Structures are given as C-alpha cells and as structure tokens.
Amino acid sequence: MTLSYTRTTNPSPVSPAEREQILANPGFGTHMTDHMVTATWRVDEGWTGAELAPYGDITISPAASVLHYAQEIFEGLKAYRHEDGSVWTFRPEKNGERLIASARRMALPELPVDDFVESLKVLVEADEAWVPAFGDGEKSLYLRPFMYGSAAFLGLRPSSEVKYSVIASPAASIFTGGPKPVTLWVAENFARAGAGGTGAAKCGGNYASALAGQIEGAQNGCDQAVFLDSATHTYVDELGGMNVFFVMKDGTLVTPELTGTILPGITRMSVLELAHEFDLTPVERKVEIAEWKDGVASGEILEVFACGTAAIITPIGELRWAGGGSAPSTAGESGGEVTRGLRERLLSMQQGRSEDTYGWMTRLV
Ligand code: PLP
Ligand code: COI
C-alpha cells in the first residue's frame, strides 16, 4: 500500500433529517456525500498527500492539462448495505485494474489496486450513513473515483502533477421508473470510439463524444444511443455508458467481442460468467447491426439487454434508426425471462440476499 491518510471530518455535514429526505428519493448523481478522498501524484515524488476531507469545490489552474487536453479517467462502482448493517462492494479489484489500464492509455500514473480499494473504504467509512438501508429497493451509494492532470502547463505532454479523488452519491436506478425497456437510437452519424483510440479506456472524452449521438437519439424519441464500429458502421459496439447482450433462440448469450473500442464492463464480465446458471452458452463475437434488426424480426433474438454498474441490467425494447424501427425485442414491461433472471441474480448477490458463490463481494465497512 502506498497511501496513508490524514482525515478531516466535515464540520457542517448535511443534517440527518435532510440526508434521510435525500435518501428517500436520491435520483442518480445529484446529491453528494459529506466527504471526499484526494491524493496527489507528482512526477518526482509519486503518490503523496492522501486525505479524507470535507466534500467541496476544488481549485484548479486555468492552465491545468485536464481542461485543455482532457487527460482524465474515472471509475464507477456501488456500495450496498447488507441485512446485518455491513457495507459491501462488487469486484472492486476489477475496477482498480481497469483504472490502471485506463491510466496507461491516457499517460496517467498507475494507482496500485490495493490503494484503490482502500480509498473506497476510507470514504465509505466516513460517509457510511449515506449508504441506503438494506431492502430499500435498488438504492445504493454510487462511488466515483477519478484522476486528472492538474499541472499548469499548456505544452502537450503528460501532466507532471495528477490528482486522484473519490466522491460518492446516493443512487436509485439510473432510469426513472425501474427496469422498463429502453428505446435505443442507432447512432449511424456519430462513432463513440475508433480503432487504436480510447474506447477501451474509461476516459471522460469518450463520454463527451457520445453526447451528440445521445442528443440525436433523444430528438428521435429514444432513451439511449447505441454506437457502431467507426470504420464500417456495420458492427454493434455498445451504448454510451453500458454494454449490450443478446439472448438467442439457439441458447447462446451473445455480446460484442472486445475489439479495443468497447469498454470492458465488470457487469459484462460477470454476466458472461453467470450465463451457465441460465443454461446459456456465453459467446463474445462480432454482431452486425443487420443481425440485430433481422434477428428480432425473425425471432432468432429473444431478448436484448444493456448492462453496467449504473444501469444494472436494463431491458432494451425498440430499436430505431434513420428511416426505420423494429418491433420490441424484449417481452413484457420489465424484460424477458433471462433479462429479469440475470438482473435478480446479480442484484441479490450485490445486496446480500443470495449467496456470493463467486467471491465477488468485498466488505468496505
Ligand atoms: N460501457 C461504458 C461506455 C460504460 O461507461 C460503462 C459503465 O461503467 C459500461 C460499459 C459498463 O461497465 P461496468 O459494468 O464496469 O459498470
Ligand atoms: C457506470 O455505470 O458506472 C457509468 O460510468 C455510467 C455513467 C456514464 C453514468
């Protein structure tokens, strides 16, 4: 472990009454907890100055490299309250490993995985009261670690100073109204990532580049956009913040293979590992957008769903594109049988309602 912490308690935290009001209806990503973690890396010192401090605005030089060259990466995971009051998170070492992979791609320093996991513990210990109660629907405390170049220098080179922080925000489902099928727009005009680019890194720029497709989708009455490969506009990559799966009539559970343009989701990885519990064969391969359109129409594709930390598992309903649209590919109001089953299996393990047979949960508090 590299980091040791100084701790400053927030002298004016949100009052318990106000916190309870927020936890009753947290939305997603709107309310922040009372504390944050920060550490600094300098090229000649490595990681130093880890602290737990009151949540608050940060001061940054207008010349900081993140503001000009977007040298920034982040992670997303959730803390869940179990029935005995303990607080757990899901496969955090995988997020730590992904943060390292993202850092390598974006020329940022590596934070060791055990320091990453410890930073989550430090924050959640301080803000434990913000973790929603066991049995309170799908609520959790969303944890957002992030890292950015903070050195004031306008030349183009890796930042000589970098900040790492973790903030937390109580969360209900990212989609209002629970797991209703979402309508997707095929973003044919906008690619999210290209070959050799940063698609497999969790860097802020990927999300900025997805917004135009998202807006076009919203203008066409869709909840989310799905992005295709940038070279041929033929193959399905992923959504702006979720991976995609297809339940096929032939008993396979198919997801687009990782080509370097897709974020390797921890939920995606877990769903592939859970497939056998549903008598499905997991398959990672290229999926043509034409196969999606035709497969739904022909009945070869039984269910389609999106998955990710924020989204959990969300059924995908109608697919729309310029000049066309498919019939809903997911039966019923809350998705098909496999979609619902996988969602409940994952969620019940995360919430401590079913046995953690894979050793995926890590205790935070
Ligand atoms: N794809 C993108 C672009 C994402 O932002 C996310 C969310 O983190 C995912 C996929 C799903 O990843 P995970 O399951 O690790 O949350
Ligand atoms: C997550 O699921 O953790 C994400 O990062 C998605 C985000 C864009 C809300």
Side-chain angles (χ1 to χ4, degrees), residues 26-32 72-80 89-102 105-106 116 120 138 140-147 166-176 179 182 184 187 190-194 197-211 213-214 217 223-230 236-245 255-274 284 305-314 316 342-343 345-347 349-350 360 362:
F28 181 86
T30 308
H31 305 277
M32 305 302 149
E72 190 270 353
I73 56 177
F74 67 99
E75 271 303 325
L77 58 173
K78 285 174 170 172
Y80 309 86
T89 193
F90 185 70
R91 310 188 84 176
E93 66 291 341
K94 295 290 174 204
N95 294 83
E97 287 164 14
R98 190 170 63 188
L99 189 73
I100 288 176
S102 300
R105 180 62 184 87
M106 302 303 288
F116 174 82
L120 310 177
E138 293 176 1
S140 61
L141 184 64
Y142 184 76
L143 308 175
R144 172 53 66 85
F146 59 105
M147 193 191 286
V166 191
I167 56 174
S169 173
S173 172
I174 193 172
F175 301 114
T176 46
V182 291
L184 285 196
F190 303 101
R192 174 187 169 275
T198 58
K202 201 160 167 64
C203 64
N206 290 345
Y207 297 79
S209 76
L211 291 174
Q214 178 79 32
D223 304 299
Q224 295 280 320
V226 57
F227 294 90
L228 307 178
D229 78 284
S230 65
V236 177
D237 266 0
E238 61 174 326
L239 279 58
M242 290 157 239
N243 296 115
V244 62
F245 274 90
T255 194
E257 67 188 18
L258 300 176
T259 54
T261 61
I262 296 175
L263 191 81
I266 317 296
T267 319
R268 174 189 181 280
M269 178 191 298
S270 308
V271 165
L272 287 169
E273 290 173 53
L274 287 171
E284 297 173 79
F305 63 84
C307 71
T309 298
I312 317 173
I313 286 179
T314 297
I316 295 175
L342 276 164
R343 184 176 218 281
R345 179 71 178 107
L346 204 55
L347 206 52
M349 220 187 303
Q350 293 168 334
W360 283 345
T362 292

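Since we're looking at a predicted model, the values are computed, not measured. Each residue takes its place number in the sequence, starting with 1. Every number for a ligand or one of its atoms is a count from 1 in the order of the listing.
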| said: Just so I know, are the side chains of Ile167 and Phe146 near enough to count as touching, which here means a heavy-atom distance under 4.5 Å? | reply: yes

| message | Quick check: closest heavy atoms across Phe227 and Ala191, and the distance to 0.1 Å? | response | CD2-C, 4.1 Å

Write 'none' if nothing qualifies; otherwise put on separate lines each N/O atom of ligand 1 with a protein N/O atom under 3.5 Å away and their distance to 0.1 Å.
residue: ligand 1; atom: 1 (N); partner: Glu238; partner atom: OE1; Å: 2.5
residue: ligand 1; atom: 5 (O); partner: Lys202; partner atom: NZ; Å: 3.1
residue: ligand 1; atom: 5 (O); partner: Tyr207; partner atom: OH; Å: 2.4
residue: ligand 1; atom: 8 (O); partner: Lys202; partner atom: NZ; Å: 2.8
residue: ligand 1; atom: 14 (O); partner: Ile266; partner atom: N; Å: 3.3
residue: ligand 1; atom: 14 (O); partner: Thr267; partner atom: N; Å: 2.8
residue: ligand 1; atom: 14 (O); partner: Thr267; partner atom: OG1; Å: 2.5
residue: ligand 1; atom: 15 (O); partner: Arg98; partner atom: NH1; Å: 2.8
residue: ligand 1; atom: 15 (O); partner: Arg98; partner atom: NH2; Å: 3.1
residue: ligand 1; atom: 15 (O); partner: Ile266; partner atom: N; Å: 2.7
residue: ligand 1; atom: 16 (O); partner: Thr309; partner atom: N; Å: 2.8
residue: ligand 1; atom: 16 (O); partner: Thr309; partner atom: OG1; Å: 2.6

| Do the side chains of Pro256 and Asn243 get nearer than 4.5 Å, heavy atoms only? | no

| Backbone or side chain, does any N or O of Leu77 fall under 3.5 Å from an N or O of ligand 2? | no

| By side chain to side chain contact (heavy atoms under 4.5 Å, CB included), which residues pair with Glu284, not counting sequence neighbours? | Thr255, Glu257, Leu258, Arg268, Leu272

| said: Students often mix this up, so state it plainly: with edges at 30° and 60°, are the rings of Phe90 and Trp360 parallel, tilted or perpendicular? | reply: perpendicular

| Just by modelled atom types, is the Glu238 backbone N or O under 3.5 Å from a matching donor or acceptor in the Arg192 side chain? | no

| query | Measuring from the heavy atoms of Glu75, does anything fall under 4.0 Å of ligand 2? | reply | no

| query | Can any side-chain N or O of Asn206 pair as donor or acceptor with the backbone N or O of Thr198 at less than 3.5 Å? | reply | yes

| Region of Lys202 that comes within reach of ligand 2 [heavy atoms, distance under 4.0 Å] | side chain

| What's the shortest heavy-atom distance between Tyr207 and Gly240, and which atoms? | CE2-O, 3.4 Å

| query | At a 4.0 Å threshold, what atoms of ligand 2 neighbour a non-hydrogen atom of Tyr142? | reply | 1 (C), 3 (O), 4 (C), 5 (O)

| For Thr309, the ligand 2 atoms whose distance to one of its heavy atoms is below 4.0 Å | 2 (O), 3 (O)

| field | ligand 2 versus Arg144: contacting region, heavy-atom distance under 4.0 Å | value | side chain

| Which ligand 2 atoms does Phe74 reach within 4.0 Å, using its non-hydrogen atoms? | 5 (O)

| query | Hey, is the main chain of Asp223 close enough, under 3.5 Å, to the side chain of Gln214 for a donor-acceptor pair? | reply | yes

